[in-house]
Amino acid sequence: MPNLDLEVFLPVHNEAESIEATIREIYDELSPVLNVGFIVCEDGSRDNTKQILRHLAQVLPIRLNLSDDRRGYSRAVRDGIDMVEAEYLLCLDSDGQCDPKDFASLWTNRAKADVIMGWRVDRKDTLARKAFSRFFYLIYQSVFRTPVHDPSCPYVLMRKDVARAISPHLGAMQQGFWWEFVARAHTLGHSILETPVRHRLRAAGVTQVYKWRRMPGIFLRHVAALFVIRAESRRALS
């Protein structure tokens with residue numbers, strides 16, 4: 001896939017019901033204005049996600065990274081960053097909640113900061129998940145004081161060199177990748193700009209991670225990881 005302007009990265013796990021529609025919607029929106037390709041890191045799906053992705057890769061500019069075992073969101077994103085060839089990388093979740101029509105606002109602002117992030121002004125997540133995020137955000141900001149309102153938004157545009165500079169520092173948060181990404185980017189001195197984006201209901205299915213019974217454990221692991229990240233960042237800068 002030579003001379004790509006942009007590669008779109010999607011981590012995928014058990015999204016057979018919606019992944020084809022999600023990828024085609026993104027491609028239909030972006031391909032008329034940019035030479036765009038996809039990097040899809042599939043994470044040990046147990047439905048027929050792999051078969052659908054293999055079919056799509058025959059008709060669309062998609063590079064696949066398939067796994068029989070579950071590696072986790074954080075590892076999947078880092079594997080995708082290692083594969084990027086285009087000058088710019090757009091990271092999106094694969095559940096259909098990100099609206100490709102909002103990409104134009106990120107792309108227009110790409111020269112204004114190292115990292116351009118979406119800011120979900122009307123999140124369509126469950127009340128429990130939004131409450132968890134808000135409470136954790138207060139703790140998070142007391143530690144890092146980032147210039148970001150929505151650090152967990154999975155709608156992120158950056159240059160390849162920026163992505164590769166940040167990627168080696170990641171891995172402390174297994175279920176909070178973008179929280180960690182923003183903290184690492186900020187402490188490493190990268191500029192971050194937010195732009196409002198829409199947030200939709202999932203195209204199909206339900207989240208397998210942020211269920212109510214898992215929230216307390218995720219919260220405690222997130223808080224512990226904050227202090228690991230802070231300590232590692234201080235050592236790296238000393």
Side-chain angles (χ1 to χ4, degrees), residues 8-11 72-82 84 88-95 97-98 102-103 105-107 109-123 125 129-199 209-210 218-237:
V8 180
F9 170 74
L10 297 168
Y73 187 103
S74 178
R75 175 65 185 274
V77 179
R78 286 180 285 145
D79 287 349
I81 289 173
D82 289 341
V84 66
Y88 280 91
L89 175 67
L90 175 67
C91 297
L92 299 172
D93 272 0
S94 58
D95 55 13
Q97 290 190 276
C98 298
D102 289 319
F103 169 74
S105 63
L106 278 74
W107 187 250
N109 287 296
R110 66 189 183 279
K112 295 182 179 179
D114 296 327
V115 178
I116 312 297
M117 293 192 67
W119 174 6
R120 297 165 294 184
V121 292
D122 183 19
R123 288 184 65 172
D125 290 321
R129 185 169 179 180
K130 287 190 286 188
F132 162 81
S133 292
R134 183 57 188 168
F135 185 38
F136 182 70
Y137 178 78
L138 298 176
I139 301 172
Y140 177 89
Q141 286 295 78
S142 72
V143 177
F144 294 110
R145 301 190 183 279
T146 71
V148 176
H149 298 83
D150 190 6
S152 62
C153 182
Y155 207 140
V156 182
L157 175 69
M158 56 193 146
R159 298 190 313 275
K160 174 176 64 177
D161 63 297
V162 173
R164 289 189 170 170
I166 299 170
S167 180
H169 301 275
L170 300 169
M173 279 192 179
Q174 294 304 309
Q175 288 120 359
F177 178 85
W178 294 111
W179 291 100
E180 180 179 4
F181 177 89
V182 170
R184 300 283 192 183
H186 180 62
T187 56
L188 288 168
H190 293 286
S191 55
I192 305 172
L193 177 68
E194 284 181 299
T195 181
V197 296
R198 284 160 286 208
H199 192 232
V209 176
Y210 289 96
I218 291 173
F219 179 81
L220 293 174
R221 288 192 294 274
H222 275 30
V223 172
L226 292 183
F227 296 98
V228 172
I229 295 167
R230 185 174 67 174
E232 291 178 351
S233 298
R234 287 178 173 176
R235 285 197 299 270
L237 295 174

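Residues take their numbers from the sequence shown, with the count starting at 1. Values below: every heavy atom of this structure, side chains too, minus hydrogens, waters and symmetry copies.
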_Heavy-atom side-chain proximity of Met158 to Cys91 below 4.5 angstrom_ = yes
*asked:* Just verifying a value: how many Å separate Phe181 CZ and Ser152 OG, rounded to the nearest 0.5 Å?
replied: 13.5 Å
*asked:* If the threshold is 4.0 Å, N to carboxylate O, is there a salt bridge linking Asp114 and Arg159?
replied: yes
*Would you say Asp150 and Tyr137 make side-chain contact, with heavy atoms under 4.5 Å?*
no
*Side-chain contact, heavy-atom cut-off 4.5 Å: Asp102 with Thr195?*
no
*Kindly determine whether Asp122 and Arg198 satisfy side chain to side chain contact (heavy atoms under 4.5 Å, CB included), including the steps that lead there.*
CA-CA 7 Å; Asp122 183 19; Arg198 284 160 286 208; over 6 Å; no
_Derivation of the side chain to side chain contact (heavy atoms under 4.5 Å, CB included) call for Val115 and Val182_ = CA-CA 9 Å; Val115 178; Val182 170; over 6 Å; no
_Run the side-chain hydrogen bond (donor to acceptor under 3.5 Å, both in side chains) test against His169 and tell me which residues pass, sequence neighbours left out._
none
*State the NE2-CZ distance between His222 and Phe136, to the nearest 0.5 angstrom.*
5.5 Å
_Taking the side chain as everything from C-beta on, heavy atoms only, tell me whether Phe219 gets closer than 4.5 Å to Ile139._
yes
*Is there a side-chain contact between Leu92 and Phe103 (heavy atoms, below 4.5 Å)?*
no
*Among all residues two or more places apart in sequence or in another chain, which pass the side-chain hydrogen bond (donor to acceptor under 3.5 Å, both in side chains) test with Arg110?*
none
_Can you give me the closest heavy-atom contact between Met173 and Leu226, atom names plus distance?_
CE-CD2, 3.5 Å
*In chain order, what residues pass the salt bridge (Lys or Arg N to Asp or Glu O under 4.0 Å) check against Arg75, with sequence neighbours excluded?*
Asp79
*asked:* Quick check for you: to the nearest 0.5 Å, what is the distance between Tyr155 atom OH and Ser105 atom OG?
replied: 7.0 Å
*Which pair of heavy atoms, one from Asp93 and one from Leu10, lies closest together, and at what distance?*
O-CD2, 3.7 Å
*CZ-CD distance between Arg120 and Glu194, expressed to the nearest 0.5 angstrom*: 10.0 Å
_Going by ring pair (Phe, Tyr, Trp, His ring centres under 6.0 Å), Trp179 matches just one of Tyr73, Tyr140, Phe132. Which one?_
Tyr140
*Does Ser94 use its side chain to pair, donor to acceptor, with the backbone of Pro11 at less than 3.5 Å?*
yes
_Rounded to the nearest 0.5 Å, what separates atom CZ in Arg184 from atom NE2 in His190?_
12.0 Å
_Would you say that Lys112 contacts Ser191 through its side chain, given a criterion of any heavy-atom pair below 4.5 Å between the two side chains?_
no
*Between Arg234 and Thr187, is any side-chain donor less than 3.5 angstrom from a side-chain acceptor?*
no
*Closest approach of Arg123 and Ser133, non-hydrogen atoms and distance?*
NH1-OG, 3.3 Å
*Residues in ring pair (Phe, Tyr, Trp, His ring centres under 6.0 Å) contact with Tyr88, at least two apart in sequence or another chain*: Trp107
*Apply side-chain hydrogen bond (donor to acceptor under 3.5 Å, both in side chains) to Asp82 and list each qualifying residue two or more places apart in sequence or on a separate chain.*
none
*Are the side chain of Ser233 and the backbone of Ile229 linked by a donor-acceptor contact shorter than 3.5 Å?*
yes
_For Gln174, give me all partners under side-chain hydrogen bond (donor to acceptor under 3.5 Å, both in side chains), at least two apart in sequence or on another chain._
none
*Looking only at heavy atoms, what is the nearest atom pair of Ile166 and Ala185, with distance?*
CD1-CB, 3.6 Å
*Going by the side chain to side chain contact (heavy atoms under 4.5 Å, CB included) test, name the single residue among Val156, Ile116, Thr146, Val148 that passes it with Ile192.*
Val148
*Taking all atoms of both residues into account, what is the closest heavy-atom pair of Leu170 and Arg78, and its distance?*
O-NH1, 3.7 Å
*List the steps and the verdict of side chain to side chain contact (heavy atoms under 4.5 Å, CB included) for Val84 and Phe9.*
CA-CA 9 Å; Val84 66; Phe9 170 74; over 6 Å; no
*Any chance you could measure Glu180, atom CD, to Gln175, atom CD, to the nearest 0.5 Å?*
12.0 Å
_Which heavy atom of Pro151 sits nearest to which heavy atom of Met117, and what is that distance?_
O-CE, 3.9 Å
